[in-house]
Each structure stands twice: as C-alpha cells, then as structure tokens.
Amino acid sequence: MRMVDVIEKKRNGQELSKAEIDFLIEGYTNRSIPDYQMSAFAMAVFFQGMTKDERVYLTEAMVKSGDQIDLSAIEGIKVDKHSTGGVGDTTTLVLAPLVAALGVPVAKMSGRGLGHTGGTIDKLESVPGFHVEITNDEFLRLVNTNKIAVIGQSANLTPADKKLYALRDVTATVDSIPLIASSIMSKKIAAGADAIVLDVKTGSGAFMKSLEDAEELAKAMVDIGNGVGRNTKAIISDMSQPLGFAIGNALEVKEAIDTLQGKGPADLHELSLVLGSHMVTLAGKAASLEEARAMLEEVMRNGKALEAFKTFLASQGGDASVVDDPSKLPTAKYLIEVPAKAGGYVSAITAEEIGVAAMMLGAGRLTKESPIDLAVGIVLHKKVGDSVQAGEALVTIHSNNEQVAEVMEKVYGAYQIVSEKVTPPTLIYKEIH
C-alpha cells in the first residue's frame, strides 16, 4: 500500500477502507509517513469530507495509536461528559459530584487548560492541597469507593491525534468536521467510558459559531460514539454569552459550590441538570429523563451532592472545608467594579471578549508553559436581558494588579446596551441521539 494512492483516492472523493485508514495512522505515528503527505491527506479530507464509516475507522485507528484506559475494575456503567468548551464552563465541577451522589461512577481524566481559564484540573487545584498525581490503582479504588475521582491525562493517550492536531493547526485544516469529531471522540473512547454525554456549544464564545455547524459536529460525534459501541448523546447549548457569572479558576469553584447547593446561576443550574439527567439515564439509574432530574434535584436539596464534593476533594488531598468556607480559596487583592456607561437593557455579551479579559488578568494560559493565577477572573452582574442603570456594576474584576484599564476596555467592548427590552437567548437548542 502506498500513501500517495490513499491521498489520491480521498482527493477524488472516494471512500477509504479500514485497512487504508489503519495504514495511514499507523504510518504517521511511527514516522514512516511524513508530515507533507499527511498534510495533503488532511487537505483532501477538508474538501471531500468523510463518510460515517471512514470517521469511525479514523477514530478507532487513533485510539489504537496509544494507551487505552481500562475501567473494567469499576463497578457499574461509566459515563463521561465532554464539553466543546466556552467561557465560564463550570459544568464538570458541578456534574461530577452531582451524579456521583446518585451512585453513577465518574472516572474523569482531565487536562490542564489552554485558553481563557485553566482546565478542570487547574480549577480543582485552587482548592489547597488538591492533587491529581495518583496511581492508576488508587484512581480505580477511589471511583469504586466514592464514585468519583479525577486523574491527569496519560501522556501516551492518542499520540496520532496529538501529531495530526499540531499539523492541522499549521496547514489551515482545523475546521474540518470529520477531523474535529474524530479528534475529540478518540480521546473520549481511549479514556474508557461506556457511555458519553456531549455538550456541544454554539455562539460567539464557542468553536462552532453557528447552530448549523454545532449540529453537524454533534451529529458526527454521536455517530462515531455509537459506531464504536459507546452509547452517545449530545446536547447543543448556548455560548453566545458566558455560562453562569464566574470566569476564573477559584471563582468557578465557588460558583460550583453554590450550584451544588441549588443557589447557582439559573443557566448553569439548568444545564447541569439537563446534562446530569442524560448521564444518570445512560448509567441505568433512572428510567426517564424526568425521573433522573427529580433524583438530581433531591441530592442538591438534601446536601448529598455537596457531601460527594467534599469527600472527593478530601480523598485527593484537598481541604474540603473550602466547601463550607469558600473564603479559604485563593482570593485576589483588588476587586474593581466596571460601571455601566449608560442605562438600558443588555442585548449581547461577546463571550470570547470576556474570556480574553479574564486571560489578560492571568486566569488562563496562552502557552502550556504560561503560569496561571488561580485567584483572578471576572464575575458578571448583568446577563443578556437584564436591565441596567448608568453607574451600576456590569462586572467585578478580581485582580492582583491595580492597573486594569485594558481589561475594563475589553469588558466595555463585550457588552452591548440598548434602550428596548431584550429576550435572553435560548440555553438548550437541541438534543442529538
């Protein structure tokens, strides 16, 4: 088999066989296929697309290129959740203890974030003492005992995807649905879950700006998941404005605690219940989404979800007393309000701009080596549809530096205020099965 023939076949819009896709991924991983040929293949896929079967073959080949996590020692159906990312996306911190409180095992493999704020691990590390450096055996034991544990990503998980992603980044082939879908799903499948719930974001703060593109990606990922025998469902949710109020690591942990107590922002509360209901039904703990939701609301009400969070933090070295006293989390030196310049109604908040403002404060990373400030970030006081008076605070900036003029300008650029009343955006657009 020759790589040039595989490229030509895909360039001409023909369907590749499993053997051909296995050949190209194996060859690219072991370096017998050079970058320039893989670049040509990626561009051919960009223009010609891939069939449902090809996407499954590509995902399976990337899974097989490295380590696969064996979760068979964990009792019950393991359900993972993946979000395509956004600004203030705190759902994992809420969902993990929430569904664990119902006996659904959450064996979470997470990374450190590049972007507006840290990843799930960075956020959790704002809890003093919390760490993810645990052995695989300890990880499995904790999930069996507490129904929840988080571990860092294995360095050798889907190496073919890491290589291909870096190549796509410099060859203008990132925006290809088959390549995006197989990249995301290869990591989820290698991580060993039995079922997967996907939260596909759409809007200004999301990778997929239009609902149409988000729907296409959600469908592609659900088809791949189900095609490899993992029960997969997707929710398409709004990211035209930040989710919840908090953007920043320790600030998001505090907001997750509020949400687990049933006192969180309405949108984060609702999305957590919707995603959680799917996780609980896929795990076989409830016969319907309505029953699952009622069970989740009950563990919020009776404090079991909060207890699951405390147990989880303590089991991985964290100071669980932060749950009762969030002032023990890292706090910024300066709290600076950004007042509205005019009165009216908030008609839009460009999520991406708010994310960039948080990153400018030090809440996120530009590169893997960038330091991160766990205390800083932005807390919104006004969301789309809210009324605001001139001089009233739009947001509070949490900063360790008094000089925040540029950050304030970013915030002002993100907010649009009009004189007419505005309807808030839809939170959940569609469910894809």
Side-chain angles (χ1 to χ4, degrees), residues 86-90 93 113-119 122-123 125-128 204-205 239-259 263-268 322 325-366 370-418:
V87 182
D89 189 7
T90 312
L93 298 180
L114 278 178
H116 314 118
T117 63
D122 297 297
K123 292 170 190 179
E125 283 179 348
S126 60
V127 175
S204 70
M239 192 39 81
S240 62
Q241 63 175 339
L243 182 66
F245 300 130
I247 301 99
N249 300 281
L251 296 171
E252 289 184 43
V253 172
K254 183 182 183 310
E255 186 162 88
I257 293 164
D258 290 341
T259 307
K263 300 185 301 193
D267 53 356
L268 177 58
V322 300
D325 184 4
S327 68
K328 291 184 176 180
L329 290 165
T331 49
K333 275 187 211 160
Y334 305 105
L335 271 58
I336 301 151
E337 290 191 346
V338 179
K341 292 178 179 176
Y345 295 90
V346 178
S347 65
I349 306 170
T350 310
E352 202 159 3
E353 292 295 286
I354 295 288
V356 171
M359 191 191 271
M360 287 162 72
L361 292 165
R365 290 186 183 88
L366 274 171
S370 302
I372 204 163
D373 188 337
L374 297 169
V376 302
I378 291 170
V379 175
L380 310 184
H381 300 301
K382 299 292 177 182
K383 300 279 292 258
V384 175
D386 291 346
S387 65
V388 58
Q389 295 176 350
E392 205 178 352
L394 294 172
V395 312
T396 298
I397 293 171
H398 291 242
S399 177
N400 280 322
N401 182 342
E402 256 183 310
Q403 307 306 313
V404 293
E406 281 184 49
V407 176
M408 289 179 84
E409 280 312 305
K410 271 279 175 217
V411 171
Y412 280 129
Y415 269 82
Q416 286 177 36
I417 295 169
V418 296

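Contact detail for Tyr412 and Pro339: the closest heavy-atom pair is OH-O, 2.6 Å. Shortest non-hydrogen contact noted between Thr259 and Gly264 is OG1-CA, 3.4 Å. Between Leu361 and His398, the closest heavy-atom pair is CD1-O, 3.9 Å.
Applying the side chain to side chain contact (heavy atoms under 4.5 Å, CB included) criterion to Asp386, with sequence neighbours excluded, gives Lys382, Lys383. Listed by chain and number, the residues in a side chain to side chain contact (heavy atoms under 4.5 Å, CB included) with Lys328 are Asp319, Ser321, Val322, Asp325 (sequence neighbours excluded). Not counting sequence neighbours, Glu255 has no partner by the salt bridge (Lys or Arg N to Asp or Glu O under 4.0 Å) test.
At a threshold of 4.5 Å between non-hydrogen side-chain atoms, the residues Leu380 and Pro242 count as touching. Looking at heavy atoms from C-beta onward, Tyr415 lies in side-chain contact with Val395 at the 4.5 angstrom threshold. A 4.5 Å side-chain heavy-atom check between Thr396 and His381 finds at least one atom pair inside the cut-off. Here the side chains of Ile378 and Val338 are not in contact, with every heavy-atom distance at 4.5 Å or above.
Each salt bridge (charged side-chain N to carboxylate O under 4.0 Å, His left out) pair with one or both residues in residues 332-349, not counting sequence neighbours, would appear here, but there are none.
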Less than 3.5 Å apart, which donor and acceptor atoms pair up between the side chains of residues 342-357 and the rest of the protein, not counting sequence neighbours?
from: Ser347; atom 1: OG; to: Gln416; atom 2: O; distance (Å): 3.3
from: Glu352; atom 1: OE1; to: Lys209; atom 2: NZ; distance (Å): 3.1
from: Glu353; atom 1: OE1; to: Lys410; atom 2: NZ; distance (Å): 3.1

Run the side-chain donor-acceptor check on residues 246-254: report pairs under 3.5 Å with partners two or more places apart or on a different chain.
from: Asn249; atom 1: OD1; to: Gly118; atom 2: N; distance (Å): 3.1
from: Asn249; atom 1: ND2; to: Ala363; atom 2: O; distance (Å): 3.0
from: Glu252; atom 1: OE1; to: Thr90; atom 2: OG1; distance (Å): 3.0
from: Glu252; atom 1: OE1; to: Lys123; atom 2: NZ; distance (Å): 2.8
from: Glu252; atom 1: OE2; to: Gly248; atom 2: N; distance (Å): 3.1

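Atoms OH and CD1, from Tyr334 and Ile397 in turn, are 14.0 Å apart once rounded to the nearest 0.5 Å. One distance of note links CD1 of Ile336 with CG of Asn401; it measures 8.0 Å at 0.5 Å rounding. Note that CG of Asp122 is 12.0 Å distant from CG of Asp373, once rounded to the nearest 0.5 Å. For the atom pair OG of Ser399 and CE of Met408, the computed distance is 11.5 Å after rounding to the nearest 0.5 Å. Taking CE of Met359 as the start and CD1 of Ile372 as the end, the distance is 9.0 Å to the nearest 0.5 Å.
No side-chain donor-acceptor contact under 3.5 Å links Asn400 to the backbone of Ala332. Judged by distance alone, the side chain of Ser240 and the main-chain N or O of Ser204 form no donor-acceptor pair under 3.5 Å.
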